[in-house]
Structures are given as structure tokens and as C-alpha cells.
There are 2 protein chains.
Amino acid sequence: MADPSKPARSEDNGLAARRGKPTLRTIAEITGLAVTTVSRALAEAPQISAETRRRVREVAIEIGYSPDRAAQRLKTGRTNVIAVLLDPHEEILGYGTSIMSGISKALQGTSYHVIVMPNFLNTTNVEAVNYITRNSMADGVIFSRTEPLDPRVMVLSEIGFPFVTHGRTELSTPHAYVDYDNFTFAYQATRRLIAKGRRKPALISGPAGFTFTGHLQHGFMTAVREAGCAYEILSGIDLDSPAGNIRDRVRQRYTEADPPDSFMCGGEVCALATITGMSDCGLTLGNEYDIVAKQTSHLLGAIQPQVETIYEDLTATGEDMGRVLLQRIGGETDVSKLQLLLSPQIPANW
Amino acid sequence: MADPSKPARSEDNGLAARRGKPTLRTIAEITGLAVTTVSRALAEAPQISAETRRRVREVAIEIGYSPDRAAQRLKTGRTNVIAVLLDPHEEILGYGTSIMSGISKALQGTSYHVIVMPNFLNTTNVEAVNYITRNSMADGVIFSRTEPLDPRVMVLSEIGFPFVTHGRTELSTPHAYVDYDNFTFAYQATRRLIAKGRRKPALISGPAGFTFTGHLQHGFMTAVREAGCAYEILSGIDLDSPAGNIRDRVRQRYTEADPPDSFMCGGEVCALATITGMSDCGLTLGNEYDIVAKQTSHLLGAIQPQVETIYEDLTATGEDMGRVLLQRIGGETDVSKLQLLLSPQIPANW
DNA sequence: CGCAAGATTTAAAACGTTTTCATGATTCGA
DNA sequence: TCGAATCATGAAAACGTTTTAAATCTTGCG
């Protein structure tokens with residue numbers, strides 16, 4: 001109980017403390033229990049009698065108690081925070097939105113929060129993970145744009161810090177990931193172009209250095225080799241290129257000899273830019289040429305419904321990543337449970 | 001470095017503590033100073049001798065010390081965190097990206113971090129700010145989609161919690177904001193349509209309920225009234241509508257009597273959807289109709305350069321919001337320093 | 001009735017800071 | 001030379017929680 005023995009200074013011992021935010025002590029005073037007991041009761045420890053647990057819970061709700069995260073964090077070393085490394089490139093057309101939305105969904109109802117560490121300024125991406133681990137800013141990390149020998153993965157694996165990547169690596173140490181099967185996507189998309197009678201598909205691929213870029217190219221090449229047709233991987237541009245550059249490059253390509261007659265675009269903006277470049281040359285989609293693209297939002301369908309697409313559900317991806325990371329943090333070590341390869345949904349009428 | 005002196009149990013008194021993360025005590029032990037002094041020295045307190053400060057700083061860097069944010073937070077009550085409330089609507093075409101990028105820039109070099117509270121699931125937006133303030137998750141909040149009588153603003157003003165809005169309110173209590181002058185934007189954009197000889201501009205406006213929607217409409221109306229021409233505010237759709245809906249609505253409108261001959265679009269996706277709807281009807285931009293739009297990325301220019309635009313620099317907006325919030329947190333109460341109205345850059349050739 | 005074995009509860013230490021208050025050195029003016 | 005003022009440092013408490021170890025209260029059993 002409070003301590004009325006010192007009447008002199010402001011009696012900030014017992015009840016006066018009840019002015020500010022309610023704390024464990026507030027509940028302890030109200031119920032007449034010890035702080036320890038209250039803490040245990042709220043943690044649903046089995047050693048605390050059911051009756052006491054009930055009463056404590058009741059009072060906690062009554063006075064609107066919520067634990068001080070800073071104190072919990074200090075004591076336990078756990079932050080209850082998930083950090084998402086976001087790259088500026090990932091945002092155009094709401095990549096980030098979808099991913100974040102999915103992660104939020106997975107974390108709902110848990111005590112975890114998302115914190116976004118934008119790589120918007122600064123530094124290599126490995127510095128960001130170092131920063132997070134060194135300052136213990138989070139209990140786990142999520143990031144994408146994974147490279148075959150991704151330094152972030154190496155660092156985090158090394159120290160055993162929980163993480164999930166969007167995309168795979170080629171490292172021998174297995175780790176948690178969620179990936180979209182870009183090989184199958186590219187393979188099927190390219191086959192579709194060929195099935196429509198096109199004889200020289202062009203690939204607008206991912207930026208060099210990322211694992212998924214390799215998968216895209218592999219799928220594309222497999223399809224064209226199978227069909228034995230001509231092909232081209234458009235040089236000088238990639239999915240990260242500004243739309244204007246893609247447009248210019250496509251237009252320019254058509255002034256040269258032996259241009260492609262169809263395009264496999266890894267993204268929606270890329271598809272739009274390609275269409276624009278082509279119509280600059282007086283060519284119309286579905287007529288002189290075709291496009292198949294990956295679709296991650298609903299923009300393309302509304303603007304250019306003639307473009308055929310295969311959908312990648314990034315919100316689901318985010319949700320999977322959140323769920324997997326939670327498992328990993330929870331101590332799951334069985335990698336088979338921590339590795340997800342999502343299959344492209346091929347349209348039924350193909 | 002480690003300490004091989006105690007092979008038995010870990011005598012976690014002195015040096016053994018040096019195993020884990022370096023702390024103030026680690027530095028204190030190395031330098032022979034008291035923890036208090038080290039803390040003060042790192043805070044550059046003037047009462048600590050320059051020489052001591054130097055030495056402490058040196059050791060701190062040497063051993064890679066960085067303060068435990070949880071402990072600081074617990075002690076001081078300050079979180080060193082800025083919360084950004086993000087709405088899913090705000091993301092298409094990277095609204096969030098730009099804003100976040102700007103905020104990051106403003107916070108760079110400070111001890112502040114950004115945490116994104118997605119409203120992706122749940123609840124009214126006022127619950128999100130309640131959650132943040134109740135759990136003291138941040139020292140300040142940033143949000144947009146401001147309403148004339150925004151409940152978030154009322155709640156936060158009430159309790160004196162620092163915040164900055166993107167957009168103004170019509171509340172009598174002044175508060176920090178950064179806003180784009182949407183009245184002027186809409187006024188000039190509409191005048192431009194009229195100057196090009198159009199006689200019935202249509203406005204595709206913001207969603208009902210937001211302050212900026214009113215500003216857009218006011219600017220639009222002012223321009224058409226001045227010119228004494230016909231006008232229309234397209235019903236049934238707004239800037240939040242899916243692109244497909246906008247497209248459909250525009251096309252449908254053209255099957256009816258007395259259609260508009262030009263459009264004032266508050267966003268890029270909206271402009272693209274409008275163009276698509278119009279070409280569905282066989283009409284081409286710059287020929288049978290014109291569009292003026294607000295531009296916040298570089299997509300539109302690459303895809304449809306014929307659309308005339310006025311630019312809104314969202315990265316700069318984010319940076320301003322970050323800076324203003326920092327001032328507000330720092331105790332600035334002079335609202336004139338906390339309120340920014342950004343002027344649209346009207347193209348020189350208009 | 002007495003005591004061991006559970007069943008509950010509690011006291012106290014600890015996490016790493018910051019801060020209040022005090023203390024030991026210097027220096028200074030007279 | 002003696003306090004007084006200034007300067008530089010330290011000891012200890014506190015923030016709100018979790019956790020270790022111990023204390024207290026019930027029971028059940030002989």
C-alpha cells in the first residue's frame with residue numbers, strides 16, 4: 001500500500017501516481033496485490049489463481065491499462081517491432097502499399113508493429129540491416145529485391161537475426177523467404193505470345209543483379225528455345241527505368257532492323273510505356289504486336305484492357321511474409337515451413 | 001577484447017558485462033569515470049570538462065556504443081519516433097513513397113525514426129491517433145486527407161499532442177499544417193482549359209468530406225463563373241474511384257446529352273482513365289477535348305505527354321511536414337512558423 | 001495435531017538511461 | 001589563510017516492466 005509516513009514533500013508515493021498513465025502499480029494498489037502478481041496475472045501465468053487473474057484483468061480494462069512498451073522492451077530485450085526495408089524503386093504503383101497492407105494483416109491481433117526503414121536516402125542496403133540489428137530496433141526484418149548472394153542475408157544469417165526475404169538467394173544456408181515463381185510466370189507469358197502467333201518476343205527484364213531477373217530471363221529463354229523462335233532482351237532499359245526511357249527505347253528500337261513483334265513486360269508501368277512507344281510508331285496493340293505483362297494492381301486493366309496479364313498478389317505475399325516471420329521469431333527452425341513459393345495463376349482461357 | 005579471466009560461471013559484475021552490447025557502464029569502466037559523467041559527457045553537457053568529453057566520445061566510438069533507445073525512452077518519456085498515418089487510398093502512384101521520402105529527408109541526422117501506422121485494416125482514423133497517444137508510440141503524428149472538422153485534429157489539439165496535417169481544417173484552433181494551394185491549382189487549370197477554347201469543362205473532384213475537395217471545387221467554380229461558361233462536376237466518381245470506374249463513367253457520360261469538352265483531373269490515374277474512356281468513344285485528346293491534371297509523379301508525362309499538368313511536389317511536402325513537426329515537438333508555438341501553403345508552379349508558357 | 005507438499009503470492013533485483021542532489025577539487029577575493 | 005564561489009565528478013533514485021528466489025498460505029495425510 002501507499003506510504004503515508006512522509007507528510008513533508010508532495011506525497012507522490014501512492015495515490016498521487018495514479019494521476020498519469022495507469023501502470024502495473026496502479027492496478028496493484030487498487031487490487032491490493034503486489035506488482036509481481038499483477039504482471040503475472042496479465043501474462044496469464046498458470047501459477048496465479050484463476051480468480052485473481054480475472055480480477056486483475058477486469059481492473060486493467062476498467063482503468064484502461066496498457067503496458068509501457070519501452071519498459072517491456074528494456075526488460076525483455078524484445079521490441080515487438082517488425083522492420084520493413086523499403087526501397088524507393090519498390091513504390092511506384094503501390095508495391096509498398098500492397099506489401100505493407102499484407103504485413104499489417106498478418107500482424108493484426110499480435111503485439112507487433114511495423115516500422116518502415118526507408119532506404120530513401122543513404123547508404124547500401126546492408127548498412128540498414130546493420131543499423132537495425134546493432135540498435136536492436138526490431139525483432140525481425142523483411143525486405144525484397146533479393147540478390148543471389150545478398151549481403152543482407154549473409155549478415156543476418158550469420159548472427160541469427162530473424163528475417164524473411166521477398167525473393168530467393170543462391171546461398172547455401174537456407175533461410176526464410178516468400179517468392180513468386182517468376183520462372184513460370186515468364187515461361188507461360190512468353191508461350192502465350194508465341195501461341196498468339198508472334199515470332200519474335202522481346203523481354204523487358206528486371207534490373208541486373210536481382211535473383212528474380214535471372215528467373216524471368218530463364219523462363220523467357222526456355223519458352224523461346226522450346227518454340228525455336230527468334231527473341232530479344234531489350235538492352236538499355238529494365239523494369240526500374242523511368243517510363244519515359246522505356247518508351248523512348250521501344251520507339252527507337254523500331255527504327256532499327258528486325259524489331260520484335262511482341263513484349264513480355266515484368267510490370268504495369270513498363271507495359272504502358274511500351275504501348276506508348278509503339279503507338280508513337282503508329283502501331284497498335286493486338287494488331288501489329290502483343291504484350292503480356294505481370295499485373296500487381298488494377299490500373300492496367302482499366303487503362304489498357306487489351307494487355308493480357310498474369311496476376312501477382314502482393315498483399316497475399318505481404319501477409320505470408322508477416323506470418324512466416326512471426327513463426328521464425330517464435331523459434332521455428334524447420335525451413336520447409338518458412339519457405340513459400342507462390343504459383344502464378346494462369347488465366348483459364350489461355 | 002573479450003574477457004578470459006572467469007572460466008567458471010559468468011561473474012556478470014564488471015568486465016563480463018562487456019560481452020554483450022556496450023553500455024554506459026562499459027564506457028564508465030574503461031575510462032574510470034562514473035556512469036553519470038559518461039552520460040553527461042555524451043550529451044555534451046557544459047559542466048563536463050572538454051577533455052573528459054573528448055575522451056568519452058573517443059571510447060564510445062571505439063567500442064561502437066549506441067544508446068539503448070528503450071532505456072532512454074523509459075526514462076525520458078520521449079520516443080524519438082514520428083508516426084505517419086497512411087491510408088490505402090493514398091498509395092496509388094506512390095503518394096506514400098514521396099511523402100515518406102520527404103519525411104525521411106527531414107529527419108535525417110536527427111535521432112528520429114519514422115513509423116508507419118497503416119490504417120489498412122480497422123477502424124476509424126481517430127482510433128489510430130488515440131492508439132498512438134495512449135500507448136505513447138510516438139512524439140508526433142503526421143497525416144493527410146484532412147477534413148474541415150477533422151476529429152483527429154480535435155483530439156490531438158485537445159491534449160496538446162504534436163502533429164502536422166497535410167491539408168487544412170476549418171477549425172478555429174490553429175494547428176500546424178502543410179498544404180498545397182488546391183484552389184489556385186484548380187483555378188489556373190480550369191482557366192487553361194477555357195483559354196484553349198473549351199466551353200464546358202468537367203471537374204473530377206476529390207472524395208466528399210475532405211477539405212481539399214472543397215478547395216478544388218471552389219477554384220474550378222471561380223474560373224468557370226469568371227468565364228461565364230457551362231460546366232459540370234462529374235457525379236458518381238472521384239479521385240479515389242478505381243480507374244475502371246472513372247473510365248466507365250466518362251464513356252457513359254458521352255452517350256448522354258450535352259457532354260463536357262474538357263476535364264480538370266486532380267490526379268494522374270484519373271487522367272489516364274479519362275483518356276481511356278474518351279478513346280473508347282473514338283475521341284482523341286487535344287483534338288475533340290483537352291485535359292489538365294495535377295501531376296505528382298513522372299508517369300503521366302511519359303505515357304501521355306499531351307496532357308497538360310501542374311506539378312505538386314510531394315517529396316518537398318513531406319520534407320516540410322517533417323521539419324514543421326520537429327519544430328512543433330521542439331516547443332515552437334508560433335503557428336505562423338508552423339503553417340505552410342505551397343504554391344502551384346504554373347507552367348511558363350500558359 | 002503437525003508437517004511436508006503444493007498452491008499462491010511477494011520482495012527485490014535488474015534492464016540502461018537520465019536526473020536530482022550532493023561531494024570533492026580548485027580557484028578567488030580580501 | 002580562510003571561507004566562498006566555481007568547477008568537475010559521483011552516488012543513488014527513478015522510469016515500468018519481468019524474473020529469480022523466497023515467503024506465505026492451504027491442504028492432505030499419518
Side-chain angles (χ1 to χ4, degrees), chain A residues 1 3 6 9-10 12-14 16-29 31-56 60 63 65-80 111 134-137, chain B residues 9-14 16-29 31-56 60 63 65-80 111 134-137:
Chain A
M1 272 315 230
D3 155 12
K6 307 284 183 14
R9 288 257 313 104
S10 81
D12 43 21
N13 277 356
R18 210 171 291 168
R19 299 215 108 281
K21 251 192 56 163
T23 151
L24 284 184
R25 221 179 95 192
T26 323
I27 302 183
E29 279 164 10
T31 58
L33 293 165
V35 169
T36 308
T37 312
V38 175
S39 171
R40 285 251 177 64
L42 289 173
E44 294 295 334
Q47 29 185 351
I48 302 294
S49 78
E51 160 61 10
T52 303
R53 293 212 295 258
R54 195 193 51 67
R55 209 165 93 253
V56 168
I63 67 175
Y65 167 80
S66 80
D68 182 312
R69 312 197 55 125
Q72 286 184 313
R73 192 160 154 172
L74 174 59
K75 186 60 194 154
T76 65
R78 266 171 289 114
T79 65
N80 280 312
S111 57
R134 295 249 172 76
N135 295 39
S136 47
M137 305 261 331
Chain B
R9 282 266 301 109
S10 72
E11 211 112 329
D12 42 23
N13 275 0
R18 211 172 291 167
R19 294 216 111 281
K21 250 192 55 164
T23 151
L24 283 185
R25 222 180 93 191
T26 323
I27 301 183
E29 278 164 9
T31 58
L33 294 165
V35 169
T36 310
T37 311
V38 174
S39 173
R40 284 251 180 64
L42 289 173
E44 294 295 334
Q47 29 185 348
I48 302 296
S49 78
E51 161 60 11
T52 303
R53 293 211 295 258
R54 195 193 50 69
R55 208 164 93 251
V56 168
I63 67 174
Y65 168 80
S66 80
D68 183 312
R69 329 254 314 187
Q72 287 183 312
R73 191 159 155 172
L74 174 58
K75 186 59 194 161
T76 65
R78 266 170 289 116
T79 65
N80 281 310
S111 57
R134 293 250 173 76
N135 295 38
S136 46
M137 305 259 331

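Just so we're on the same page: letters track the sequence lines, and every chain starts at 1. Quantities reported herein were computed from a predicted structural model and do not represent experimental measurements.
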Inset, instruction - Kindly indicate whether the side chain of B:Gln47, heavy atoms from C-beta on, has any atom under 4.5 Å from the side chain of B:Arg40. - result: yes
Inset, instruction - Enter the inter-axis angle for the ends of the helix from C:dC1-D:dG30 to C:dA30-D:dT1 (five pairs per end, rounded to 10°). - result: 60°
Nearest 0.5 angstrom please: [X] [atom1] to [Y] [atom2], how far?
X       : Y       : atom1 : atom2 : result
B:Ser39 : B:Arg25 : OG    : CZ    : 15.0 Å
A:Thr23 : A:Ile63 : OG1   : CD1   : 8.5 Å
A:Leu42 : A:Ile27 : CG    : CD1   : 5.5 Å

Inset, instruction - Decide yes or no on side-chain contact (heavy atoms from CB on, under 4.5 Å) for A:Lys21 and A:Ser66, but give the supporting numbers first. - result: CA-CA 9 Å; A:Lys21 251 192 56 163; A:Ser66 80; 4.2 Å; yes
Inset, instruction - Output yes when a side-chain donor or acceptor of B:Arg69 lies under 3.5 Å from a complementary backbone atom of B:Thr79, and no otherwise. - result: no
Legend entry - Heavy-atom protein contacts under 4.0 Å, nucleotides 16-23 of chain D, coded B base, S sugar-phosphate only, - none: BBBBBB--
What integer distance in Å separates [X]:[atom1] from [N]:[atom2]?
X       : N      : atom1 : atom2 : result
B:Ile48 : C:dT19 : CD1   : C1'   : 13 Å
A:Leu33 : D:dT24 : CG    : P     : 17 Å
A:Glu29 : C:dT10 : CD    : C1'   : 16 Å

Inset, instruction - Any chance you could lay out the side-chain contact (heavy atoms from CB on, under 4.5 Å) test for A:Arg73 and A:Ser136, step after step, and finish with the verdict? - result: CA-CA 10 Å; A:Arg73 192 160 154 172; A:Ser136 47; over 6 Å; no
Inset, instruction - Mind checking side chain to side chain contact (heavy atoms under 4.5 Å, CB included) for B:Arg134 and listing every partner two or more places apart, or none if nothing turns up? - result: B:Asn130
Legend entry - B:Thr52 side chain near D:dA8 phosphate (N/O to OP1/OP2, under 4.0 Å): no
Legend entry - C:dT8 OP1/OP2 closer than 4.0 Å to side-chain N/O of A:Ser49: no
